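Quick notes on the structure that follows.
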2 protein chains.
Amino acid sequence: MKLSLRGEYALRALLVLGLNHTQPVLRIQTISQQQNIPKRFLEQILNDLKSAGVVESKRGVAGGYRLARPPEDISLATVIRHIEGALAPVSCVSERFYEKCSCPDEAKCAIRSVMKQVRDAIVKLVEKLTVADLCERARKLQEIHAGPVDFMI
Amino acid sequence: MKLSLRGEYALRALLVLGLNHTQPVLRIQTISQQQNIPKRFLEQILNDLKSAGVVESKRGVAGGYRLARPPEDISLATVIRHIEGALAPVSCVSERFYEKCSCPDEAKCAIRSVMKQVRDAIVKLVEKLTVADLCERARKLQEIHAGPVDFMI
DNA sequence: AAAATCTCTATTGACTTAGTAGAGTATTAT
DNA sequence: ATAATACTCTACTAAGTCAATAGAGATTTT
């Protein structure tokens with residue numbers, strides 16, 4: 001039931017890009033340093049997100065990445081599905097990555113029925129959540145934790 | 001976000017054991033044949049479930065496995081956690097398998113905050129669901145799909 | 001004693017993951 | 001033009017995981 005590091009890095013990078021959505025572009029190195037992600041690895045990931053239409057890039061001296069769409073139009077579901085594949089815990093209940101399983105009869109499979117519920121719960125959440133939500137949360141969490149300290153200074 | 005085959009096999013085996021809870025014991029081979037699970041692989045899995053206190057075994061000629069507790073006392077969460085480890089999609093939000101992640105500040109991490117929600121949704125479901133629920137569903141699905149056909153014969 | 005069945009440990013091949021490497025292409029500033 | 005910068009594309013690798021398979025041993029019943 002795990003998200004790979006690759007997937008986590010993708011989300012972290014998109015969060016940074018979302019928070020800097022006003023900027024023309026952000027360099028890989030900037031994101032990599034800010035988020036403790038190996039640069040060459042992040043390169044691959046961002047490139048991959050580009051092929052998903054989630055980010056776009058500009059080459060050359062003033063180059064970098066930025067979101068290809070408004071943050072509120074990029075759902076976590078889209079991102080995770082592109083990087084990881086199925087959201088469903090077993091592929092026989094996946095909508096877009098369906099694969100037959102080895103059970104004797106899929107239609108009568110109780111595991112399948114239960115896993116469908118789990119899938120739905122996950123999908124419902126991550127389809128609603130967007131990069132914009134991530135950004136909002138990041139700002140809130142920043143306030144809560146940094147705010148009081150700032151006042152004390 | 002995937003369950004391993006091992007985990008799926010475990011649930012399938014427990015379903016069979018649950019449906020035959022009245023029997024003294026069931027042989028590995030019986031379960032293996034009924035569910036298309038490689039026998040030697042299932043051996044390992046059942047043995048593992050035994051160490052989790054979920055099933056108990058009897059050796060020798062009339063030996064086999066049975067549930068160690070009533071089906072309604074065995075939650076899917078217990079089983080999956082024992083076979084797979086964390087239910088949480090990232091280990092920094094796992095209650096029992098916590099591991100620090102590489103993000104700059106866990107307390108301010110928006111990904112973490114979101115993943116906590118996903119974790120909670122999953123945990124809420126699989127903690128409530130038990131082997132008894134699996135059995136009930138299996139019986140219902142059997143009725144729905146086999147019933148009409150039986151009438152037609 | 002023999003047969004059946006679970007038990008324990010080890011091994012294997014295929015695959016995935018996380019990361020590294022190198023050469024190449026586009027863009028900008030000078 | 002040319003150098004510097006930054007993305008791009010492909011390949012590689014070391015480590016780990018997964019799904020089995022295998023063999024020898026222990027226990028129980030007949």
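Note that this is a predicted model, so its numbers are computed, not measured. Note on naming: letters A, B, ... go to the chains in the order of the sequence lines (proteins, then strands), and numbering restarts at 1 for each one.
Residue Glu43(B) contributes atom CD, which lies 12 Å from atom P of dT21(D) at whole-angstrom precision. Distance Ile31(A) CD1 to dA6(D) P: 13 Å, rounded to the nearest Å. Atoms CD (Glu8(B)) and P (dA20(D)) sit 11 Å apart, rounded to a whole Å. In this structure, Leu42(B) places its CG atom 16 Å from P of dC8(C), rounding to the nearest Å. Asp48(B) places its CG atom 15 Å from the C1' atom of dC6(C), with the value rounded to the nearest Å. Spacing between atom CG of Leu49(B) and atom C1' of dC8(C) amounts to 16 Å, rounded to whole angstrom units. As rounded to whole Å, 12 Å separates atom P of dA6(D) from atom CG of Leu26(A). Here the C1' atom of nucleotide dC7(D) and the NZ atom of Lys50(A) are 8 Å apart, to the nearest Å.
Checking the phosphate oxygens (OP1, OP2) of dT8(D), a side-chain nitrogen or oxygen of Ser57(A) falls inside 4.0 Å. Residue Lys58(A) places none of its side-chain N or O atoms closer than 4.0 Å to OP1 or OP2 of dT5(D). Contact annotation: Asn47(B) side-chain N/O to dC8(C) OP1/OP2 distance is under 4.0 Å.
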So which protein N/O to nucleotides 9-14 of chain C N/O distances come out below 3.5 Å?
unit_1, atom_1, unit_2, atom_2, d
dA10(C), N6, Gln44(B), NE2, 3.4

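Arg69(B) and Thr78(B) share no side-chain donor-acceptor pair at under 3.5 Å. There is no side-chain donor-acceptor pair under 3.5 Å between Ser94(B) and Ser91(B).
Within the structure, ring-ring contact (aromatic ring centres under 6.0 Å, His included) pairs that include any residue of residues 54-90 of chain B do not occur (at least two apart or interchain). A ring-ring contact (aromatic ring centres under 6.0 Å, His included) check over residues 100-131 of chain A, counting only residues at least two apart or in different chains, returns nothing. Sorted pairs that involve residues 15-39 of chain A and meet salt bridge (charged side-chain N to carboxylate O under 4.0 Å, His left out), not counting sequence neighbours, are lacking altogether. Sorted by first and then second residue, the pairs that involve residues 101-110 of chain B and meet salt bridge (charged side-chain N to carboxylate O under 4.0 Å, His left out), not counting sequence neighbours, are Asp105(B)-Lys108(B), Glu106(B)-Arg112(B).
In this structure, Ser32(A) contributes its side chain and Ile37(A) its backbone to a donor-acceptor pair below 3.5 Å.
Residue Lys2(A) is classed as having no contact, given no heavy-atom separation below 4.0 Å to the nucleic acid. Residue contacts for Ile28(A): at a heavy-atom cut-off of 4.0 Å it reaches the sugar-phosphate backbone alone, with no base atom in range.
For Arg81(B) and Glu127(B), the salt-bridge test passes: some basic side-chain N is under 4.0 Å from an acidic carboxylate O. Between Glu143(B) and Arg139(B) no salt bridge is recorded (no basic side-chain N to carboxylate O distance below 4.0 Å).
Across dC7(D), dT28(D), dT7(C), the shortest atom-to-atom separation from the side chain of Tyr65(B) is found for dT7(C).
Within the model, atoms CD1 of Ile45(B) and CD of Glu8(B) stand 10.0 Å from one another, a figure rounded to the nearest 0.5 Å.
Contact of Arg59(A) with dT25(C) (side chain to base): a donor-acceptor pair of N or O atoms is detected under 3.5 Å.
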Q: Produce a footprint string for nucleotides 14-19 of chain D: one letter per nucleotide, 5' end first; B if the base is under 4.0 Å from any protein heavy atom, S if only the sugar-phosphate is, - if neither.
A: -----S

